[in-house]
Amino acid sequence: MIIPNNLKDTISSFLLDNYSIHDVEDKLLFNETRKEFEGDITFVLFPFLKATKTNPQVLGESIGEHLMKNLDYVESFNIVKGFLNLKFQDTFWLEAFRSFDTEENYTFDDSTILVEFSSPNTNKPLHLGHVRNILLGWSTAQILQAAGRKVIKTQIINDRGIAICKSMLAWTLFGNEATPQNIGKKPDHFVGDYYVKFEQEFKNEYESWQISDEANTLFEESEKQDKSVFFKSYKNTYFNEKSALGKQAKSLLLKWEANDPDTRKLWEKMNGWVYEGFEETYKRLKVEFDSYYYESDTYKLGKDIIEGGLASGVFYKKDDGSVWIDLEDAGLDHKLVLRSDGTSVYMTQDIGTAQLRYQDTRADGMVYVVADEQNYHFQALFAIMKKLGESYSDHLHHLSYGMVDLTTGKMKSREGKVVDADDLMNDVISTAKQNAIERGETESISLEEREQIYEKVGLGALKFFILKVNPKKRMVFDPNDSVDMQGTTGPYVQNAYVRVQSINRKAASITIENEKGYNKAEEIEIELIKRLLEYPEKLKKAAEDYDPSIIAMYCYDVAKVYHKFYNDVRILGAEEDSAKAFRVLLGDKTARILRKGFNLLGIEMPERM
RNA sequence: GGCCCAGUAGCUCAGCUGGAUAGAGCAACAGACUUCUAAUCUGUAGGUCCCAGGUUCGAAUCCUGGCUGGGUCACCA
């Protein structure tokens with residue numbers, strides 16, 4: 001909603017002069033006039049009824065008259081209940097449209113910010129959960145950049161630990177020297193298969209152990225009623241203390257930590273495969289990073305900071321040697337930052353990594369795109385950074401997003417109940433292809449270009465489907481809905497853009513300057529202008545809230561109005577040259593805004609579809 | 001159990017710093033292509049905004065209590 005600069009001032013000085021009401025600035029409330037009433041902007045009268053001792057009709061009349069007299073763009077007004085509806089002249093909107101520069105660069109804030117997203121484990125391929133993370137991170141980075149900030153896109157790769165050791169072990173035991181190349185498999189999937197293989201073998205081992213006397217004795221000693229409940233809860237202990245496979249995996253981890261050359265070599269080989277696969281997926285998703293941090297480099301960081309904080313009294317040491325911080329004044333708990341044996345925990349590492357990143361980049365703030373299961377962790381981390389007095393600690397933000405559920409329930413990677421990222425992309429693209437073939441619009445286009453269109457449309461559908469939902473909400477993923485291409489979808493918006501391009505191709509001979517003669521606009525044209533003018537405020541809001549769904553919904557709104565415009569009026573067939581030129585220009589600016597908006601979402605626009 | 005988040009049409013979601021008769025899309029039904037790409041548009045139908053109180057001229061929105069679902073409360077990551 002666009003509120004003219006002098007409208008607020010005119011009303012507040014009127015209230016001051018005639019009713020002696022001071023400081024009304026933040027009580028002035030405007031809404032877009034609802035469709036069923038006549039007007040553009042509605043001023044809410046209720047807050048001033050008491051002070052003016054009048055009724056809405058009288059107050060509305062007097063303000064309305066005053067505005068008509070003093071602001072030339074106010075064409076008429078009407079009062080409904082406590083609402084003063086103001087109608088502006090068409091020329092007000094037309095002028096605003098003419099001076100609206102779609103290519104303007106905005107700078108709401110020019111500080112540097114680091115955005116961390118994706119951050120996968122290296123033992124298995126990316127899945128739907130990562131896809132939401134990656135799309136949110138990428139889009140948020142684009143939005144922040146468009147809002148003027150210097151953005152550094154990064155990730156922390158969890159490349160060490162027991163999980164990758166499981167894949168390594170399974171490959172050693174069962175791999176027979178196979179490689180992704182010689183069996184022709186995407187390399188991250190190849191490594192993931194060995195992780196699954198390990199879990200299967202371990203499960204078999206565990207199940208055969210469960211019928212042993214030892215297992216039975218343990219069960220009887222436990223308080224558990226039910227065997228399956230007991231064995232479920234005992235699984236971790238079994239892995240750590242009894243399992244032969246567990247023992248081997250753990251020994252690999254120890255060897256890795258001791259820098260054993262063969263282990264390191266194997267680790268590098270398997271991680272290398274995974275990165276190769278990830279890059280392929282990122283490339284297809286059209287995302288890239290400015291830097292990478294590896295857990296194998298950072299997992300020991302933070303200890304010196306703990307030492308310093310211990311000296312300055314930020315942390316305290318218990319008798320057993322473990323180090324803690326009291327976060328009760330931040331509404332949190334006491335949190336462990338160093339184990340009693342002096343080794344670090346997740347938090348230690350995160351403290352160190354934040355510090356390292358600040359040293360590397362001097363970023364004024366950081367955004368962590370991480371699922372909402374880690375809300376507490378980040379609250380604690382930020383509180384700790386604040387207590388440590390870090391300059392950037394007030395500008396740390398956890399972009400917390402809800403997990404993605406399937407229609408069949410929760411995703412569980414250990415049970416193989418996941419939607420694989422690569423499969424998902426293939427599905428949406430092939431659906432786009434089928435739809436396109438049925439429509440037959442692209443028959444005249446070269447095969448290669450057609451494939452690009454299917455990809456843009458398919459990925460557009462998928463990305464929009466995910467990004468249109470407010471990040472903090474849990475979302476239900478129905479594979480059928482995600483490839484929907486009608487209604488509130490990516491292709492719907494792309495289609496508006498394509499319609500403009502189709503017209504532009506035919507409008508080459510039109511003299512755009514003729515549009516200056518257009519001064520009486522259709523209602524739908526004014527509506528479209530209003531939407532376009534909202535772009536900067538939507539961008540600002542999306543950046544402030546770290547919320548791409550604002551941009552997605554905005555693009556949908558714009559496209560929706562354009563589609564109606566397209567249906568309601570003749571563009572190239574307009575009677576007058578001025579109308580023809582104006583409508584072509586209106587369409588062109590619409591397309592530019594849509595392309596800009598979609599670029600912020602990481603979605604490409606096809607020229608035809 | 002403590003803390004945090006969510007609950008809006010059959011389904012997926014907007015609206016939430018209080019404002020008019022709560023909006024879209026999908027699905028259903030009925031229409032619009034000799035006309036700029038019908039992946040579009042128009043219409044019909046669909047609601048105890050989880051429940052109960054409270055604050056207010058006015059509550060889906062704020063407060064309190066409860067219900068339901070999820071997350072989290074590891075010397076795991």
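Hydrogens, waters and symmetry mates play no part in the numbers below; they use all other heavy atoms, side chains included. Proteins get letters first, then strands, A, B, ... in listed order; numbering begins at 1 in each.
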Could you tell me which nucleotide pairs with [N] by Watson-Crick or G-U wobble geometry, both distances under 3.5 Å, or answer none if nothing does?
N	answer
C26(B)	G10(B)
A39(B)	none
C62(B)	G54(B)
U21(B)	none
G69(B)	C5(B)
C16(B)	none

Is a donor-acceptor contact shorter than 3.5 angstrom present between the side chain of [X] and the base of [N]?
X	N	result
R570(A)	U35(B)	yes
R439(A)	U37(B)	yes
S340(A)	C75(B)	yes
S549(A)	A14(B)	no
N495(A)	A38(B)	no

When the [atom1] atoms of [M] and [N] are compared, how many Å lie between them, rounded to an integer?
N	M	atom1	answer
C26(B)	A39(B)	C1'	14 Å
C67(B)	A52(B)	P	15 Å
U72(B)	A20(B)	C1'	42 Å
G15(B)	A9(B)	C1'	14 Å
U8(B)	G25(B)	C1'	15 Å
C49(B)	G7(B)	C1'	10 Å
G70(B)	G31(B)	C1'	44 Å
A60(B)	G66(B)	P	23 Å

On the nucleotide [N], are OP1 or OP2 found under 4.0 Å from the side-chain N or O atoms that [X] carries?
X	N	result
K506(A)	U37(B)	yes
K81(A)	U21(B)	yes
R499(A)	A38(B)	yes
Y492(A)	C41(B)	yes

Next item on the list: For N158(A), answer base if it contacts any base atom (sugar-phosphate contacts may also be present), sugar-phosphate if it contacts only those atoms, and nothing otherwise; contact means non-hydrogen atoms under 4.0 Å.
Entry: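 N158(A): no heavy atom of the nucleic acid under 4.0 Å.
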
Check: Do K538(A) and K541(A) have side-chain heavy atoms sitting under 4.5 Å apart?
Finding: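 Heavy-atom side-chain distance check fails, nothing below 4.5 Å.
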
Note to self: Using side-chain heavy atoms (C-beta onward) and a distance below 4.5 Å, is S296(A) in contact with W256(A)?
What the structure shows: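 Yes, their side chains come closer than 4.5 Å.
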
Which atom pair, heavy atoms only, marks the closest approach of [X] to [Y]?
X	Y	result
S167(A)	Y195(A)	OG-CB, 3.2 Å
I157(A)	Y294(A)	CD1-CE2, 3.5 Å
G246(A)	F239(A)	CA-CE1, 3.5 Å
P120(A)	L126(A)	CB-CD2, 3.7 Å
F464(A)	I603(A)	N-CD1, 3.7 Å

Give the nucleotide from the list [options] with an atom nearest to the side chain of [X].
X	options	answer
K564(A)	U42(B), A20(B), C26(B)	U42(B)
R474(A)	G70(B), C41(B), A39(B)	G70(B)
M553(A)	A39(B), U21(B), A14(B)	A14(B)
M609(A)	C36(B), A39(B), G19(B)	A39(B)
V498(A)	A14(B), G19(B), U37(B)	U37(B)
R339(A)	A77(B), U37(B), A20(B)	A77(B)

Check: Planes under 30° and centres closer than 5.5 Å, is that true for F46(A) with the base of G58(B)?
Finding: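 No, aromatic ring not over the base.
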
Checklist line | Aro-ring/base stack Y556(A)-A24(B), d under 5.5 Å, angle under 30° | finding: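 Not stacked: fails the 5.5 Å / 30° test.
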
Note to self: If you assign each of D547(A) and V569(A) to its closest nucleotide in RNA chain B, which residue comes earlier from the 5' end?
What the structure shows: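 The residue closer to the strand's 5' end, by nearest nucleotide, is D547(A).
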
Item checked: Comparing A432(A) and L29(A) on RNA chain B - which has the more 5′ nearest nucleotide ->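 The answer here is L29(A).
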
Sort me out a list of protein N/O and nucleotides 4-10 of chain B N/O pairs below 3.5 Å, or just none if empty.
{"residue": "G7(B)", "atom": "OP1", "partner": "K473(A)", "partner atom": "NZ", "Å": "3.1"}

Next item on the list: Determine whether more than 12 heavy atoms belonging to other residues, nucleotides or ligands lie under 6.0 Å from atom NZ of K87(A).
Entry: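 Yes - once you tally the heavy atoms of other residues, nucleotides and ligands closer than 6.0 Å, there are more than 12.
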
Notebook entry, point to check: Are T489(A) and D484(A) linked by a side-chain donor-acceptor pair shorter than 3.5 Å?
Noted result: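 No donor-acceptor contact under 3.5 Å links the two side chains.
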
Notebook entry, point to check: Got a sec, which residues hit side-chain hydrogen bond (donor to acceptor under 3.5 Å, both in side chains) with K564(A), two or more places apart in sequence or on another chain?
Noted result: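 Counting only residues at least two positions away or on another chain, K564(A) forms a side-chain hydrogen bond (donor to acceptor under 3.5 Å, both in side chains) with D568(A).
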
Item checked: From OG1 (T42(A)) to CG (N85(A)), nearest 0.5 Å ->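 Rounded to the nearest 0.5 Å, the OG1-CG separation comes to 3.5 Å.
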
Margin query: Contact list please: residues 315-336 of chain A against RNA chain B, heavy atoms, distance less than 4.0 Å, in numerical order.
Written below: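 The answer is D320(A), S322(A), L336(A).
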
Checklist line | Quiz item: cation-pi between R499(A) and Y562(A), 6.0 Å / 45° | finding: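 Ring-cation test returns no.
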
